[in-house]
Number of protein chains: 2
Amino acid sequence: MKDIAAKACVSISTVSLVINHRDKGRVKPDIAATIWKVAEELGYHPNAMARSLRSGRTHTIAFISDQVATTPYAGEIIHGAEDAARQLGYMMFIIDADDERDISGDIDRMLSWGVDGYIYAKFANRYISVPPTLDDLQVVVVNAEERTVIHPRIEPDEFSIGYDATARLIHAGCRRIAYIGCDEPAIAQVGRFKGYRQALKDAGIPFDKRLTNRVSHGRPALEAVCKLLDDTHPDGVFAFNDARAVYVYDYAFQHGLTIGEDLSVIGVDNHEVICDTTVPALTSVELPHYEMGFWGACKIISMIEGTDPIAQNRVTPAYNAAPTPPLDNDGPTLIRCAIIEKKSIVGGPLKDKDSTPAQAEETSEQTTAAAVATA
Amino acid sequence: MKDIAAKACVSISTVSLVINHRDKGRVKPDIAATIWKVAEELGYHPNAMARSLRSGRTHTIAFISDQVATTPYAGEIIHGAEDAARQLGYMMFIIDADDERDISGDIDRMLSWGVDGYIYAKFANRYISVPPTLDDLQVVVVNAEERTVIHPRIEPDEFSIGYDATARLIHAGCRRIAYIGCDEPAIAQVGRFKGYRQALKDAGIPFDKRLTNRVSHGRPALEAVCKLLDDTHPDGVFAFNDARAVYVYDYAFQHGLTIGEDLSVIGVDNHEVICDTTVPALTSVELPHYEMGFWGACKIISMIEGTDPIAQNRVTPAYNAAPTPPLDNDGPTLIRCAIIEKKSIVGGPLKDKDSTPAQAEETSEQTTAAAVATA
DNA sequence: GTGAAAGCGCTAACAT
DNA sequence: ATGTTAGCGCTTTCAC
């Protein structure tokens, strides 16, 4: 900056004004032009360190998460958060926080860095508690719930996942709809199951316990699924996730049935590897990982800056099967998940023109909250 | 720091010495103790910004990658890199570099930050070219190849993957071994196929073209796999990856065969969702994503600091099915991949005591390099 | 053993 | 419309 000032025969402050675009009506345009030219020639890059030291703001956020990796669904949350952060001029640090590992050291490092805000994410919708050290700072929770709400957060609308998936099967003509559940009584299992029951109820279809089970994976899961299908012969199956839906395919192969013709199946995750590997491709409710990450970064930056980057159109998601919810909510935000149509439901993919199945009512938010509270 | 100095009745420089552990024999121990106590009381955190401004080093690296997310195999590279970086006192920025997107803006930001080094990673082993802007800086390439080698890099030993997988099947008694290949002539396809042929040759088994094909995914892939199996009735199948191995399972279900008893299968990726969902669980060659990320961070930090953190035992991988290769190599490093034993091969998982199948010779590195060069 | 002081590159209040 | 100057918090040289 000193060099630029010297070469352009102006003072350092003038250079600073120009470089920071605060020269409107303060610096003569031709001088400003010269400064830009010289800066270019010299290959000038402002020193972020010095700038932050002076301004007290680092334009940096930290993404703290369990298993940055170990789940295959992981990356899109990071992707979405990075995308929003980048568009808004922020850099994002990544911190892996295994449940077992003590992250106080990392938090100290973050405090030393003067990170402007924190995204605390989980890769499966779980109960968490944010380390108390962070409570005084700007924190957003993504894809998780705190038992007592302290920080703004976003998570999938699990009730609606169950409701919409079931309603989609009903819309395709299914009347005996099985639910292959998850053996862990997690937020997701409870919410999706409630949605399933509500959709049946709204369609006047009686709930039949024999059509549901709860499984893990591997041979016991496959056997349980086969038994359920053998015993009850459903015409549609809503699986807790895509992996569990695979067992329905296995059953179909064994019994000479064709998914999408003899039997409809819908999963959850829209897991790329599974949904595009299965034949026919599996219709699935997509968990909006990208969108949640994107929302999280927008939210934390809005808290830092006191503005609303979404309302101001300063940022565009690269992907939004699920529309980005608004930021003006400091409590829990539920995000509605989209069904990604493939070919595993009788009648084939829904075209835009086709009437869409009834969706869960707006009240679903309270319903889920209640479901979860009693879980 | 000023506050500490005041409260401890010493000068700022003394505080600095103590905080930075450079007080040995220079500051009286009791004074040092006081300083630590006061620092603790005041909740002092050194200001990394000021420190970096002064020292010119940020202890920060950038992880630049395509599709941070969109592949499900993604995260472990990040995980490994973050793990090593953290243990060595570095923070890691994440930058998503979609092939289409212009990342010069991001690079400018990195230059502004004064990032100490760059990891340039891909999530599928591909040819890349590192942006020339980075050529003057410290760069390590992970899971990719440059057409002309400029930067140190690490990638999976694709030849050995093919060799070891095939040898494993031979060891289990298979003699008619099919290869379900990939329709893209990528580095991985070429290398694994060469390894497959070499293993057959070394075992004195003639190569039979009819036992191999190359498929994509979905119905055409399933049909091609079924046709191959119908036509040739192999006793073992080496699949390019786990997703393609699934079609062998589908075939088996349709024909009442049992994988692991009537037919052996081995995949590549050790993709969690697939390998633990299939019945029986799929034995697979694991791509050492964590290990490559870990190596990449160690390597870039060794270049920055001029030391060898691995040799100095300053760092421990959380996971190493594949042992971390040494850092003293500024050209390409190939990493040998481990077979993760599950239950899809006749005779069951290999115990430690069992004799292991012959492995590709040490010369495989040259062989792969050659294979790849002519690809 | 300890302290004073310069300066890393930049911003912003103030002076001209 | 432009220049001067005082720090941001820290490290490090040098003097005591």
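Chain A is the first sequence line, chain B the second, and so forth, proteins listed ahead of strands; every chain is numbered from 1. What's counted below: heavy atoms across the whole structure, side chains too, no hydrogens, waters or symmetry copies. What you are looking at is a predicted structure, and each value in this text was computed from that prediction instead of being measured.
Heavy atoms of B:S55 sit nowhere under 4.0 angstrom from any nucleic acid atom. When heavy atoms are screened at a 4.0 angstrom cut-off, A:R51 is found touching the sugar-phosphate backbone but no base atom. Residue contacts for B:S13: at a heavy-atom cut-off of 4.0 Å it reaches a base atom on one of the strands shown.
Side-chain contact between A:R314 and A:I310 is absent, with no heavy-atom pair separated by less than 4.5 Å. Using a 4.5 Å heavy-atom cutoff, the side chains of B:F294 and B:V315 are in contact.
Within the 4.0 Å cut-off from OP1 or OP2 of C:dA4, not a single side-chain nitrogen or oxygen of B:S11 is found. Of the side-chain N and O atoms in B:T14, none sit less than 4.0 angstrom from OP1 or OP2 of C:dT2.
Side chain of B:S52 to backbone of B:A48: a donor-acceptor contact under 3.5 angstrom is found.
Ring geometry for A:H59 versus A:Y90: interplanar angle of 30 to 60°, hence tilted. Aromatic ring orientation, A:W113 versus A:F93: tilted (interplanar angle from 30° to 60°).
Nearest to the side chain of A:Y44, among D:dG3, C:dA6, C:dC10, sits C:dC10.
Rounded to 10°, the helix from C:dG1-D:dC16 to C:dT16-D:dA1 has 40° between the axis fitted to its first five pairs and the one fitted to its last five.
DNA chain D lies under 4.0 Å from at least one heavy atom of each of the following residues of residues 18-27 of chain A: A:G25, A:R26, A:V27.
Residues passing the ring-ring contact (aromatic ring centres under 6.0 Å, His included) test with A:H151, sequence neighbours excluded: none.
Between A:D23 and A:K28, none of the side-chain N atoms (NZ, or NE/NH1/NH2) sits under 4.0 Å from a carboxylate O, so this pair counts as no salt bridge.
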